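Just so you know, these numbers come straight off a predicted model, no measurement behind them.
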Amino acid sequence: MSEELELLRQADPVSAGEGPWRDRPLTARAEARLRALTAGPVPRPRPVRRRLLMGLTAVSAAAVAAVALTFSGAGSSPAVAAPVALALHADAPSVPLDVLARRAEARARTAGAGDGPRRGSHLQSWYMSMESGPDADPPVTVPEESITRWHADGSGSELVVATDPRHPGRPVIHEADGRWETVSDGEVLHRKTYPAGSEAQHSGLASRTRPATDAAGLRDQLSWLYGGAGGLHTTPELLSALSSFRREWTPGPRETAAVVRVLADADGLRQAGTVTDRLGRRGLAYVYDGPDGAADATRQMVILDPRTGELLGLEITFTKDDPDSKVKAGEVMSYEAWMP
C-alpha cells in the first residue's frame with residue numbers, strides 16, 4: 001500500500017492552497033474538460049455551478065466585443081473583458097497540416113543536441129469563468145501570464161502575473177476570495193522559487209516524463225498522462241491533452257514535429273487559413289467544429305507557426321447560446337497563447 005500511496009503523491013503533489021494550480025473558481029475550459037470526461041452514451045444532467053472550486057486549469061456580458069466592467073480594486077479606469085474571437089484572413093493561403101508536418105520534420109532533422117525540450121512553459125491565457133442558473137452572474141474572462149521553469153538540478157520557479165497584453169496599463173480583472181476585483185496591470189499574483197532537488201516534491205509525473213520525438217510515441221504519452229482511464233479517443237480530447245502537455249514542456253524542433261504530425265493525423269481538424277493572434281503573431285489556423293463530447297457547442301482552433309510548426313495558441317469559442325450561463329454564440333471560452 002505504501003508504494004501505491006507514493007505513486008499517488010508523485011502523480012499529484014501540488015498544494016491546493018498555493019501556486020498557479022491552487023484551488024480557485026472553475027474556468028470555462030476546465031468545465032469543458034469536466035463535461036468531456038463525464039460525457040457518455042447515457043445523457044447526464046448538466047451540473048449547476050456557483051463558482052465551484054477545483055484545483056486544475058483551466059467575458060463578455062451580452063456582446064462579442066470588448067466591454068468594460070468596473071469592479072472594486074485598483075484605479076477608476078474600467079477593466080477590459082473578453083477578447084473577440086480571432087478573425088481569419090480571407091486573402092491569405094492556407095497550408096495543409098501534412099505539408100506543415102513535413103516542414104517541421106525537415107527542421108527537426110537539422111536540430112542539434114542542445115535543441116531538446118525544456119521543462120516548464122510561458123503562457124498568456126484568457127479563461128472565462130462562468131456560473132449557471134437563474135441567479136448566475138455574467139461570465140468573466142480572467143487574463144493571466146504564467147511562467148514555470150524547472151532545471152536539471154531540480155530547482156525551479158513559478159510566476160503568475162495579472163496582465164492583458166492587448167491593453168497595457170489598464171486594470172486587470174482578478175478573482176480573490178470568491179469575488180471579482182481589479183488589480184494593476186502587471187501585479188504579481190504568485191511567485192515562488194524552489195531550491196535544487198525540489199522538483200520531485202513540487203512537480204507532477206508529466207513534467208518529469210521527457211516527451212517522445214515521434215508521433216506515435218507522443219500520442220501514446222499524451223493518452224496515458226492526460227487522457228484518463230480511457231485514453232484519448234477524440235480530437236477535442238487530444239487538443240485538451242496538448243494544452244496540458246504544453247503547460248509542462250516547451251518542445252524543441254523534434255518534439256514540435258511530432259506534435260504537428262499528431263495533429264495532421266487527427267480526425268476532423270481542417271485547415272482554415274491564417275490569423276494574427278493576440279500577441280500579434282501571424283499563424284496558420286486549423287479548426288475542429290465537430291462533436292465535442294458534451295453539448296456540441298464549441299469550436300476549437302489550433303494556431304501554428306507557418307515556418308516551424310510550433311504551437312502558438314489554442315482558442316475555444318461557443319457555437320451556441322447558453323442562456324443558463326448567460327453565454328452567447330461566438331464568445332471566447334478560452335484562449336491560450338504560448339511563448340518560448
The side chain to side chain contact (heavy atoms under 4.5 Å, CB included) partners of A258 (sequence neighbours excluded) come to L218
Item checked: Check: D153 side chain, A196 main-chain N or O, donor-acceptor pair, under 3.5 Å -> no
D98 meets the salt bridge (charged side-chain N to carboxylate O under 4.0 Å, His left out) criterion, sequence neighbours left out, with R102, R261
Indicate yes or no for a side-chain donor-acceptor contact from S155 to the backbone of P195 under 3.5 Å, with no hydrogens or angles considered. no
| query | In terms of hydrophobic clustering (I, L, V, M, F, W, Y; side-chain heavy atoms under 4.5 Å; direct or indirect links), are L159 and V172 co-clustered? | reply | no
Contacts of E255 meeting salt bridge (charged side-chain N to carboxylate O under 4.0 Å, His left out) (sequence neighbours excluded), chain-then-number -> none
Quiz item: D137 side chain to E131 main-chain N or O, any donor-acceptor pair under 3.5 Å?
Solution: no
Worksheet item: Going only through I, L, V, M, F, W and Y residues with side-chain contacts under 4.5 Å, is there a path from V84 to L279?
Response: no
Is the backbone N or O of T234 less than 3.5 Å from a side-chain atom of E237, with the two atoms forming a donor-acceptor pair by type? yes
Here the salt bridge (charged side-chain N to carboxylate O under 4.0 Å, His left out) pairs for residues 108-124, sequence neighbours left out, are R119-E199
Contacts satisfying ring pair (Phe, Tyr, Trp, His ring centres under 6.0 Å) that involve residues 89-116 (not counting sequence neighbours) are none
OG (S146) and CE (M339) are apart, to the nearest 0.5 Å, by 8.0 Å
### side chain to side chain contact (heavy atoms under 4.5 Å, CB included) between T298 and M333, worked out
CA-CA 9 Å; T298 63; M333 173 190 288; 3.7 Å; yes
Subject >> Worked verdict on E145 versus H122 for side-chain hydrogen bond (donor to acceptor under 3.5 Å, both in side chains) >> reply: CA-CA 8 Å; E145 181 178 2; H122 187 184; 2.5 Å; yes
Indicate if V302 and V99 have the same hydrophobic cluster label, given that clusters are the connected sets of ILVMFWY residues with side-chain heavy-atom separations under 4.5 angstrom. yes
Heavy-atom nearest pair, A104 first then V260, reads CB-CG2, 4.3 Å
For residues 131-163, the ring pair (Phe, Tyr, Trp, His ring centres under 6.0 Å) pairs (sequence neighbours left out) are W150-Y194
Whether the S243 and E336 side chains hold a donor-acceptor pair (N or O, under 3.5 Å, no angle test) is what I'd like checked.
yes
With a 3.5 Å distance limit and no angle check, can you tell me whether S325 reaches the backbone of S132 through a side-chain donor-acceptor pair? no
The reported gap from CG in L314 to OG in S240 (rounded to nearest 0.5 angstrom) is 9.5 Å
Across all chains, not counting sequence neighbours, the side chain to side chain contact (heavy atoms under 4.5 Å, CB included) partners of R299 are V287, D289, M301, E315, T317, T319
Look at the side chain of R191 and the backbone N and O of V161, then say whether any donor-acceptor pair between them is shorter than 3.5 Å.
-> no
| Is the shortest heavy-atom distance from the side chain of Y335 to the side chain of I316 under 4.5 Å? | no
Looking only at heavy atoms, the pair that brings L232 and S223 closest together is N-OG, 3.2 Å
Taking side chain as C-beta onward, heavy atoms only, is Q124 less than 4.5 Å from R278?
no
Using side-chain heavy atoms (C-beta onward) and a distance below 4.5 Å, is L312 in contact with L304? no
Q.
Could you tell me if the side chain of V188 sits less than 4.5 Å from the side chain of V160, heavy atoms only?
A. no
Taken to the nearest 0.5 Å, the spacing of R103 CZ from D305 CG works out to 9.5 Å
Here the gap from L123 atom CG to E144 atom CD, rounded to the nearest 0.5 Å, amounts to 9.0 Å
Worksheet item: Would you say W249's side chain and A206's backbone share a donor-acceptor pair under 3.5 angstrom?
Response: yes
>> Would the distance check show the side chain of T235 and the main-chain N or O of D267 forming a donor-acceptor pair, the cut-off being under 3.5 Å?
In response: yes
Interatomic distance, CG@L269 vs CG@L263, rounded to 0.5 Å, equals 6.0 Å
Exercise for the section: Return yes if a side-chain donor-acceptor contact under 3.5 Å exists between Q221 and Y226, otherwise no. Expected result: no
So CG of D265 and CG of L97: to nearest 0.5 Å the spacing works out to 9.5 Å
Closest non-hydrogen contact found for M128 with V332 is CE-O, 3.3 Å
Smallest heavy-atom separation, T308 atom then T256 atom, equals O-CG2, 3.6 Å
Are W224 and V259 co-members of a hydrophobic cluster defined by side-chain heavy atoms under 4.5 Å apart? yes
Residues passing the salt bridge (charged side-chain N to carboxylate O under 4.0 Å, His left out) test with R281, sequence neighbours excluded, are D277
On a heavy-atom basis, the closest approach of L284 and L100 is CD1-CD2, 4.0 Å
Tightest non-hydrogen contact, residues W126 and A337, listed as CZ3-CB, 4.5 Å
Contact between L225 and F245 at the side-chain level, heavy atoms closer than 4.5 Å - yes or no?
no
(message) Check whether D321 reaches the backbone of A329 with its side chain - one donor and one acceptor, N or O, closer than 3.5 Å.
(response) yes
Assess the residue pair D322 and K320 against the criterion (side chain to side chain contact (heavy atoms under 4.5 Å, CB included)); give the C-alpha distance rounded to whole Å, side-chain angles, the decisive distance to 0.1 Å, and a yes or no. CA-CA 6 Å; D322 184 358; K320 298 177 182 178; over 6 Å; no
Flag, side chain of T209 to backbone of L205, donor-acceptor distance under 3.5 Å:
yes
Contacts satisfying ring pair (Phe, Tyr, Trp, His ring centres under 6.0 Å) that involve residues 257-292 (not counting sequence neighbours) are none
Sequence neighbours excluded, the answer for salt bridge (charged side-chain N to carboxylate O under 4.0 Å, His left out) partners of R107 is E310
Side chain to side chain contact (heavy atoms under 4.5 Å, CB included) filter on S157, not counting sequence neighbours, yields R149, T193
Answer yes if the side chains of D185 and T163 hold a donor-acceptor pair under 3.5 Å, and no otherwise. yes
Residue pairs meeting salt bridge (charged side-chain N to carboxylate O under 4.0 Å, His left out), one or both in residues 213-222, sequence neighbours left out, come to none
Joint cluster assignment, L311 & V95, ILVMFWY side-chain distance < 4.5 Å: yes
